[in-house]
Amino acid sequence: MQKKLKLWDAIMLVMGSMIGSGIFIVSADMMRNLGSGFWLVIVWIITGVMTVAAAISYGELSALFPKAGGQYTYLKEIFGKRMGFLYGWGLFTVIQTGTIAAVAMAFGKFTAYLVPSLNDAAPLFQSGEFKITWIQILAMAVILLLTYINTRGVQSGKLLQNIFTGSKIIALLGLIAAGFILVDFSHMSENFSLGLDSFSNLKKDISGNFLKEGWEPIGGMTLLGGIAAAMVGSVFSSVAWESVTFVSGEVENPKRNIVKSMIYGTSAVMILYLAVNFVYLNALDRESIAFATNDRVAVAASQNIFGSAGTIIIAVLVMVSTFGCNNGLILAGARVFQTMAKDGMFFNSAEKNNKNEVPANALWMQGIWASILCLSGQYGNLLDMISFVIVLFYMITVFGVIYLRFKKPDIERPYKTWLYPLTPIIYLLIGTGFCVLLLIYKQQYTWPGFLMVLLGLPVYYFINRKKQTDQ
């Protein structure tokens, strides 16, 4: 593969793939689960520590296996083909493609702010609860457009990534600055006045809307359950940084630059996320955050900061953010499916590069399946279910660092995990706590995604049996 991606490009890919629509929405549900400005900030800090610890740990593996395929390659090399396939299966069926679909739908929904006729138009097709809307068609068009651009070569995808990621970082910095300079009345002290007290147990009316007067104090294990539920949002907003490992084969000096891009990129994004949440706490009171219309906290905050123009400003920012995010996800994901095809674990045609030296077939397969997920209307539910699975695979990969230290202590390591073994242990402890609490308190977020990954086992055995029969 041609080495066309420099360190700066890799950092832009990390940051661009992470920053999508989540940061503009998830803080509403997090506040409903915790009812406290302090706990909102603490959960974002925990997620930040967790994310950067994983990136630092992945650095050791990226230097040991500087090949395309990233996390799939690490899991295959350390734990065998079956584990690698299960990850790749989950990535194609829902993790990568489901994220692409959800981010594209967010692009469509915020575009509807600027073009209200998109919201008002009658469905193109409807049968019971299933319907096809113009917003879904727009989401599909964005996916297919970005897929086409990326088939034109790495240079095209790289240029688009750098422009859109740079634009949304500048816009976020502008929002953060305005959130402290232009707000007429600060709610910061009010939001922190409750200290470490936490509140939740909100009731709903007959229409399913949360009742604002239903706050009740929570503590002990109920608080831990609330933290885990809140982390579903912060974790989902902070994933996809590992996408840069998928394109290791196209990065200059991957043994050094992949490590640096993950650490620099994740650290910068988590600082940005924390700052944006301080803007929410400064511009809005607790109820305005928790009960923002359609959970669009950023819109509510922006209206307080910029007045009536706030909705348009945030709509444009989210459109830029989601467009750039999807470009990074599309560019990176196809490289995993190409690597799997080379190992005989995916459609053979996905292995080929086109005349522009990119895996066009893998790109189109990914793009078409992501588009189908847009039509299904279930992408949002799928994403709620896979935060558990994503963290589970992160944990297995991070554990791989410790496992290899014991299994192959003498292997040359161009980069060693900073503060080993403390860094991977920190991730494993937080990740285990998150997964256990979800299993106890929020099972709807756990078993469906886990079951979806396990469905890959019969597929794996079918592929291997077919290969043995062919031989």
Side-chain angles (χ1 to χ4, degrees), residues 18-48 50-51 98-99 102-103 105-106 109-110 187 191 194 198-205 207-216 218 222-239 270 273-274 276-281 283-302 314 318 321-322 378-388 390-391 434-435 437-438 440-446 448-449:
M18 286 179 75
I19 306 170
S21 58
I23 187 58
F24 305 105
I25 297 168
V26 298
S27 294
D29 186 62
M30 293 171 72
M31 184 61 90
R32 288 196 295 271
N33 278 294
L34 298 166
S36 158
F38 261 115
W39 281 109
L40 181 69
V41 170
I42 287 169
V43 167
W44 278 106
I45 290 172
I46 292 170
T47 306
M50 186 180 177
T51 303
T99 306
V103 171
M105 284 298 295
K109 287 177 180 177
F110 277 89
H187 294 274
N191 280 316
L194 298 170
S198 51
F199 303 84
S200 189
N201 293 329
L202 295 173
K203 307 293 188 294
K204 292 182 178 180
D205 61 21
S207 302
N209 300 313
F210 286 99
L211 298 170
K212 296 185 181 182
E213 62 274 9
W215 297 104
E216 292 178 12
I218 58 171
T222 308
L223 172 59
L224 289 176
I227 290 170
M231 281 182 68
V232 169
S234 60
V235 165
F236 175 67
S237 301
S238 309
V239 298
M270 295 318 299
Y273 280 2
L274 201 56
V276 168
N277 276 276
F278 274 110
V279 168
Y280 298 157
L281 293 167
L284 303 167
D285 60 22
R286 179 177 70 170
E287 277 66 30
S288 298
I289 295 172
F291 307 111
T293 306
N294 294 323
D295 286 355
R296 293 182 178 117
V297 192
V299 172
S302 191
I314 288 296
V318 175
S321 180
T322 49
Q378 300 303 310
Y379 54 88
N381 297 337
L382 290 170
L383 290 176
D384 283 342
M385 296 167 191
I386 62 167
S387 289
F388 174 81
I390 291 172
V391 171
F434 172 71
C435 289
L437 287 168
L438 283 184
I440 296 170
Y441 291 101
K442 300 285 179 182
Q443 281 140 13
Q444 72 269 30
Y445 290 137
T446 56

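Given the structure is predicted, the values throughout are model-derived calculations rather than measurements. For reference, positions follow the sequence shown, starting with 1.
In terms of heavy-atom proximity, Arg32 sits nearest to Trp215 at O-CZ3, 4.0 Å. Closest approach of Ala228 and Leu438 over heavy atoms only: O-CD2, 3.9 Å. Residues Ser302 and Ile314 come closest through the heavy atom pair CB-CG1, 3.1 Å. When all heavy atoms of Ser27 and Asn277 are compared, the closest pair comes out as OG-OD1, 2.6 Å. Nearest heavy-atom pair across Ser321 and Phe24 is OG-CE1, 3.8 Å. Across all their heavy atoms, Cys435 and Val391 have their closest contact at SG-CG1, 3.9 Å.
Rounding to the nearest 0.5 Å gives a distance of 13.0 Å between CZ of Phe291 and CG of Leu284. Put simply, OG1 on Thr47 and CE on Met30 are 6.0 Å apart, with the number rounded to the nearest 0.5 Å. Rounding to the nearest 0.5 angstrom, the gap separating the CG atom in Asn33 from the OG1 atom in Thr222 is 12.0 Å. Remark: Asp29 CG to Ile289 CD1 distance equals 13.0 Å, nearest 0.5 Å. The distance from the CE atom of Met270 to the OG atom of Ser234 is 7.0 Å, given to the nearest 0.5 Å.
Between the Tyr273 side chain and the Ser238 main chain, no donor and acceptor come within less than 3.5 Å of each other. In this structure, the side chain of Arg286 engages the main chain of Gly35 through a donor-acceptor pair within 3.5 Å. Not one N or O on the side chain of Asn191 forms a donor-acceptor pair closer than 3.5 Å with the backbone of Gly37. In this structure, the side chain of Ser198 engages the main chain of Ile218 through a donor-acceptor pair within 3.5 Å. In this structure, Thr322 contributes its side chain and Gly20 its backbone to no donor-acceptor pair below 3.5 Å.
Scanning for ring-ring contact (aromatic ring centres under 6.0 Å, His included) contacts around Trp39 gives an empty result, with sequence neighbours left out. Remark: Phe38 pairs with Phe192 by the ring-ring contact (aromatic ring centres under 6.0 Å, His included) rule, at least two apart or across chains.
Under the 4.5 Å side-chain criterion, counting only non-hydrogen atoms from C-beta, Val235 is not in contact with Ile390. Put simply, the side chain of Tyr280 does not reach to within 4.5 Å of the side chain of Met31, judged on heavy atoms.
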Chi angles and distances behind the side chain to side chain contact (heavy atoms under 4.5 Å, CB included) call for Met18, Thr51 = CA-CA 11 Å; Met18 286 179 75; Thr51 303; 4.2 Å; yes
task = Using the side chain to side chain contact (heavy atoms under 4.5 Å, CB included) rule, take Trp44 and Ile23 through it: C-alpha gap first, then chi angles, then the decisive distance, then the call.
result = CA-CA 11 Å; Trp44 278 106; Ile23 187 58; 3.9 Å; yes
task = Decide side chain to side chain contact (heavy atoms under 4.5 Å, CB included) for Ile46 and Phe434; before the verdict, give the C-alpha distance in whole Å, the side-chain angles of both, and the deciding distance to 0.1 Å.
result = CA-CA 11 Å; Ile46 292 170; Phe434 172 71; over 6 Å; no
query = Checking side chain to side chain contact (heavy atoms under 4.5 Å, CB included) for the pair Ile227/Met231: CA distance, chi angles, key distance, verdict?
reply = CA-CA 6 Å; Ile227 290 170; Met231 281 182 68; 4.1 Å; yes
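Of the residues listed (Ile42, Val41, Val43), the one engaging Ile45 in a side-chain contact (heavy atoms from CB on, under 4.5 Å) is Val41, and it is the only one.
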